[in-house]
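Worksheet for the structure shown next.
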Amino acid sequence: MAWLVLGVLGFVAVTAAVVGPRRARLRRAPGFPWFWVVLPATAVAVAAAVGVFAWPQAVTGAGSFWWDRPWSGPSTLQFLSHEQYQRLVTLRRLRWVLPPASVLGVASCVWAWRQRRV
């Protein structure tokens, strides 16, 4: 999760550096700058959606992100305690929720950009 947050912060910082000069040249639309609220949330949702499918143990905390191999998932051949079961259920729910949330976030970013709410 640390890499996820650091990657999102880097992405938002690069976007701010690119958009800042553009914002100064264009006339802003009146209202709240929703782009800067939606962009970080969307970046987290997209990164977590990719992580849920590529490295599920990093998102659910089922393994050590720093020491375990990224392709080794938690073993389900043992008796599952309540905590292990909740991790598997959480992973299944995140696989259904995060992709639509990512698409909705990207659509919201495009809307905020086109409305000049930057």
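Along the sequence shown, residues carry numbers from 1.
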Exercise for the section: Give the intermediate values and the outcome of side chain to side chain contact (heavy atoms under 4.5 Å, CB included) for residues Val19 and Trp36. Expected result: CA-CA 11 Å; Val19 172; Trp36 296 111; 3.8 Å; yes

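Contact between Val52 and Leu94 at its shortest, heavy atoms only, is CG2-CB, 3.8 Å. Closest of all the heavy-atom pairs between Ala45 and Leu98 is O-CD2, 4.3 Å. Of all heavy-atom pairs spanning Val38 and Ser108, the tightest one is CG1-CB, 3.5 Å.
Under the 4.5 Å side-chain heavy-atom criterion for Ile, Leu, Val, Met, Phe, Trp and Tyr, Leu39 and Val8 are members of the same hydrophobic cluster.
Judged as a ring-ring contact (aromatic ring centres under 6.0 Å, His included), the pairs with a partner in residues 99-118 (not counting sequence neighbours) are, in order, Phe35-Trp113.
The SG atom of Cys109 sits 10.0 Å away from the CG atom of Leu104 when rounded to the nearest 0.5 Å. Note: Phe32 CZ to Arg117 CZ = 10.0 Å, rounded to the nearest 0.5 Å.
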